[in-house]
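Report on the following structure.
Predicted model only: the values in this text are computed from it and were never measured. Just so you know, residue 1 is the first one in the sequence shown, and it goes up from there.
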Amino acid sequence: AAETDSPTGGRSGALTPGPAVAGDVQKIDVNPPKGTRDFAPEDMRLRNWLFNHFKEVSGLYGFEEVDYPVLESEALFTRKAGEEIKDQLYCFEDRGNRRVALRPELTPSLARLVIQKGKSVSLPIKWFTVGQCWRYERMTRGRRREHYQWNMDIIGVPGVMAEAELISSIVTLFKRIGITELDVGFKVSSRKVLQEVLNCYSVPENLFGKVCVIIDKIEKIPVDEIKKELKAVGLSQEAVQELLQVLSVKSLKELEERLGSSGEAVADLKQLFSLAEKIGYSKWLQFDASVVRGLAYYTGIVFEGFDREGKLRAICGGGRYDHLFSTFGADDIAACGFGFGDAVIVELLKEKGLLPVLNLQIDNIVCALDEDLQGCAAMVASILREKGQSVELVLESKPLKWVFKRAARINALRLVLVGNAEWQRGMVGVKILSTAEQYEVKLDDLKINISESLTL
Ligand SMILES: OCc1cccc(Br)n1
């Protein structure tokens with residue numbers, strides 16, 4: 001069955017299309033395109049709750065928000081490393097015969113903007129964004145074709161403090177939404193591990209990305225297939241054997257025994273775990289040599305957030321990518337970042353019973369008791385809105401029963417009634433809906449502040 005797309009489960013509840021309409025008007029499909037989601041109000045409240053946490057955490061860490069077009073030149077993503085993200089590129093030729101694509105990730109756009117800004121931005125650059133990303137996947141697998149990703153990137157810091165800061169920001173996010181280290185962990189490794197092994201077998205640099213992309217599939221396809229693909233790109237039997245062995249190393253200590261203490265891979269990882277200890281999130285981290293991530297451009301520390309029950313796909317992932325900029329014809333600059341999707345985290349929150357209850361809340365519902373008082377009711381609404389009060393103004397003449405029902409549905413705190421008798425005396429009626437207390441309030445007092453005036 002197709003994965004539940006909507007955060008509240010199941011595909012959006014479309015109206016059951018009625019009988020064919022008159023004439024040749026075609027009934028439209030009221031569902032969104034395959035693999036995409038609508039966000040109805042209750043879904044949008046959950047999405048805004050999550051994205052607000054993303055943005056608040058980004059602010060806590062001193063990151064600035066940026067944004068890019070969802071449509072980019074296809075050239076940003078046409079890396080020749082056999083990545084799934086390229087195979088599933090949502091690309092086409094536009095009316096100007098340009099090859100364009102719906103972005104499958106945000107990092108290349110960030111690199112493009114950093115290069116564009118050049119010397120006008122001071123280092124380190126710390127940018128974040130929350131953006132929709134796309135892939136065109138055959139619907140046979142029924143998977144989503146879009147999701148929103150929170151991305152944080154630090155540009156211009158070669159040291160591991162940058163990765164430590166990024167992982168710290170994700171831990172902060174998790175804590176804010178009720179996720180603990182008992183629910184989620186981070187598998188951490190470094191691609192320098194693979195680099196050091198491949199260097200021993202004189203494997204040319206340009207194969208590095210391809211080798212990593214193949215190895216990233218180690219838990220998804222049989223190991224014989226992995227071996228076959230590695231040999232197909234030119235690795236010797238010995239190199240393949242050594243690679244697969246080093247990926248099964250179970251601890252940093254064992255890695256150090258295998259690679260020695262002088263290499264950067266071990267040094268970086270030891271420093272990261274030491275920083276995690278100091279910052280206070282080492283319980284969230286574990287070394288896992290098999291983590292390589294599926295993007296070709298990572299060059300150093302890589303990490304992914306996983307649910308400890310092992311029911312879900314990776315929650316987030318990232319790492320260092322020190323050579324991405326030169327692939328765009330610019331000077332290289334140290335860089336690291338992560339992506340955090342909006343879908344898996346919601347599945348995890350559901351699993352853990354941590355979905356927040358987010359109801360609509362309106363301060364006032366304002367209603368005219370007589371047709372000819374509609375304008376007066378609108379005036380009362382304006383007065384309240386100018387005081388920063390949210391107001392649902394009843395826009396048509398409705399029976400009080402309907403108004404009370406509406407008030408309950410929108411969770412209104414107060415009902416403000418505009419009636420002839422009171423209006424003649426410059427007053428309006430106010431009912432506190434939770435306690436049924438009733439007041440008459442002078443219109444002038446409303447101009448002060450309805451809450452204050454109610455204490456009169
Ligand atoms: O994380 C891979 C990915 C990229 C774009 C869209 C979706 Br859904 N998933």
Q. Looking only at atom types and distance, does a side-chain atom of Asp43 sit under 3.5 Å from a main-chain N or O of Ala40, one as donor and one as acceptor?
A. yes
Q: Show your reasoning for whether side-chain contact (heavy atoms from CB on, under 4.5 Å) applies to Ile170 and Trp284.
A: CA-CA 11 Å; Ile170 306 174; Trp284 293 74; over 6 Å; no
Q.
Using a 6.0 Å cut-off, check whether atom CD of Glu64 has over 12 heavy atoms from anything other than its own residue.
A. no
Q) Does Lys398 reach the side chain of Cys367, with side-chain heavy atoms less than 4.5 Å apart? A) no
Q.
Can a donor-acceptor pair be found, under 3.5 Å and without considering hydrogens, that links the side chain of Arg103 to the backbone of Tyr68?
A. yes
Q | Minimum heavy-atom distance Thr36-Pro32, with the two atoms named | A | OG1-CB, 3.3 Å
**Q.** Where Pro69 and Arg112 come nearest, the two heavy atoms and their spacing
**A.** CD-NH2, 3.6 Å
Q | Verdict with reasoning, Asp332 to His323, per side-chain hydrogen bond (donor to acceptor under 3.5 Å, both in side chains) | A | CA-CA 6 Å; Asp332 266 330; His323 299 315; 3.0 Å; yes
Q: Check for a donor-acceptor pair, side chain of Tyr297 on one end and backbone N or O of Phe325 on the other, with a separation under 3.5 Å.
A: no
Q) Do the side chain of Asp216 and the main chain of Cys212 share a donor and acceptor less than 3.5 angstrom apart? A) no
Q. Quick one: side-chain contact (heavy atoms from CB on, under 4.5 Å) partners of Val57, sequence neighbours excluded?
A. Tyr61, Trp150, Ser169, Thr172, Leu173, Arg176
Q) Hey, are Glu105 and Arg79 close enough for a salt bridge, meaning a charged N less than 4.0 Å from a carboxylate O? A) yes
Q. Are the charged groups of Arg258 and Glu196 less than 4.0 angstrom apart, N to O?
A. no
(Q) Does anything in residues 267-277 form a salt bridge (charged side-chain N to carboxylate O under 4.0 Å, His left out)? List the pairs, not counting sequence neighbours. (A) Lys192-Asp268, Glu256-Lys270
(Q) I'd like to check Val203 versus Val233 (side-chain heavy atoms, cut-off strictly below 4.5 Å). Are they in contact? (A) no
Q | Cation over ring face, Arg47 and Phe39, 6.0 Å, 45° | A | yes
Q: Check the pair Phe77, Tyr90 against ring-ring contact (aromatic ring centres under 6.0 Å, His included), reporting the backbone distance first and the verdict last.
A: CA-CA 10 Å; Phe77 312 110; Tyr90 214 129; over 10 Å; no
(Q) Is the shortest side-chain heavy-atom distance between Phe273 and Val188 below 4.5 Å? (A) yes
Q: List the atom of Phe208, the atom of Thr299, and the distance in Å for their closest heavy-atom pair.
A: CE2-CA, 4.5 Å
Q) Hey, is the main chain of Val213 close enough, under 3.5 Å, to the side chain of Glu83 for a donor-acceptor pair? A) no
Q.
Tell me whether the count of non-hydrogen atoms from other residues, nucleotides or ligands lying under 6.0 Å of CZ in Arg138 goes above 12.
A. no
Q) Once the angle between the rings of His53 and Trp49 is folded into 0 to 90°, is it parallel (under 30°), tilted (30 to 60°) or perpendicular (over 60°)? A) perpendicular
Q. Would Lys217 and Glu229 pass as an ion pair if we require N to O under 4.0 Å?
A. yes
Q) Say you draw a straight line from OH of Tyr281 to CG of Leu275; how long is it, rounded to the nearest 0.5 Å? A) 7.0 Å
**Q.** Check: Ser390 side chain, Asp363 main-chain N or O, donor-acceptor pair, under 3.5 Å
**A.** yes
Q) Would you say the side-chain atoms of Gln149 pair up with the backbone N or O of Leu106, donor to acceptor, closer than 3.5 Å? A) no
Q. Which heavy-atom pair separates Asp183 from Gly178 by the least distance, and what is that distance?
A. OD2-O, 4.0 Å
(Q) Do Leu243 and Val211 have side chains that approach each other closer than 4.5 Å (heavy atoms only, starting at C-beta)? (A) yes
Q: For Asp224, check side-chain contact (heavy atoms from CB on, under 4.5 Å) against everything at least two apart and list the hits.
A: Lys227
Q. Distance from Leu50 atom CG to Lys55 atom NZ, nearest 0.5 Å?
A. 10.5 Å
Q | Full working for side-chain contact (heavy atoms from CB on, under 4.5 Å) between Gln286 and Lys187 | A | CA-CA 5 Å; Gln286 63 194 54; Lys187 293 174 184 172; 4.0 Å; yes
Q. Step by step, would you call Glu242 with Gln245 a side-chain contact (heavy atoms from CB on, under 4.5 Å)?
A. CA-CA 5 Å; Glu242 177 63 17; Gln245 275 177 20; 4.0 Å; yes
Q) Can you tell which of Arg37, Lys34, Arg135 makes a salt bridge (charged side-chain N to carboxylate O under 4.0 Å, His left out) with Glu146? A) Arg37
Q) How long is the span from the OH atom in Tyr321 to the CZ atom in Arg293, to the nearest 0.5 Å? A) 13.5 Å
Q | Side-chain heavy atoms of Arg385 within contact of Leu393, under 4.5 Å | A | yes
(Q) Determine whether a donor-acceptor pair (N or O, by modelled atom type, separation under 3.5 Å) exists between the side chain of Arg320 and the backbone of Gly159. (A) yes
**Q.** Minimum heavy-atom distance Gly260-Val266, with the two atoms named
**A.** O-CG2, 3.7 Å
**Q.** Side-chain heavy-atom pair Ile218, Val292 within 4.5 angstrom cut-off
**A.** no
Q: Apply the test side-chain hydrogen bond (donor to acceptor under 3.5 Å, both in side chains) to residues Asn151 and Thr129: give CA-CA distance (whole Å), side-chain angles for both, the deciding distance (0.1 Å), then the verdict.
A: CA-CA 5 Å; Asn151 273 222; Thr129 192; over 6 Å; no
Q: For side-chain contact (heavy atoms from CB on, under 4.5 Å), just list the numbers for Ile301 and Leu269, CA-CA rounded to whole Å, side-chain angles, deciding distance to a tenth of an Å, and then say yes or no.
A: CA-CA 7 Å; Ile301 295 276; Leu269 286 161; 3.7 Å; yes
Q. Taking Arg145 for the side chain and Glu137 for the main chain, is one N or O donor matched with an acceptor at less than 3.5 Å?
A. yes
Q: Evaluate side-chain hydrogen bond (donor to acceptor under 3.5 Å, both in side chains) for Asn199 paired with Gln195, printing each intermediate quantity in order.
A: CA-CA 6 Å; Asn199 288 347; Gln195 186 68 67; 3.0 Å; yes
Q. For the rings on Tyr148 and Phe51, is their centre-to-centre separation under 6.0 Å?
A. yes
Q: Search all heavy atoms of Val291 against all heavy atoms of Val302 and return the closest pair with its distance.
A: O-CG2, 3.5 Å
(Q) If you count heavy atoms of other groups shown closer than 6.0 angstrom to CE of Met161, is the number above 12? (A) no
Q) Heavy-atom count around Lys231 NZ within 6.0 Å, excluding the residue itself: above 12? A) yes
Q.
Any heavy-atom pair between the side chains of Pro356 and Leu46 that's under 4.5 Å?
A. yes
Q: Could you tell me if the ring centre of Phe340 sits under 6.0 Å from that of Phe128?
A: no
(Q) Just verifying a value: how many Å separate Gln241 CD and Tyr201 OH, rounded to the nearest 0.5 Å? (A) 9.0 Å
Q: Please tell me if the side chains of Arg414 and Ile432 come closer than 4.5 Å, counting only heavy atoms from C-beta onward.
A: yes
(Q) If we ignore hydrogens and angles and just use 3.5 Å, is the side chain of Gln132 paired with the main-chain N or O of Val70 as donor and acceptor? (A) no
(Q) What's the separation between atom CD in Glu309 and atom CG in Leu348, rounded to the nearest 0.5 Å? (A) 8.5 Å
Q.
Nearest 0.5 angstrom please: Glu257 CD to Leu255 CG, how far?
A. 9.5 Å
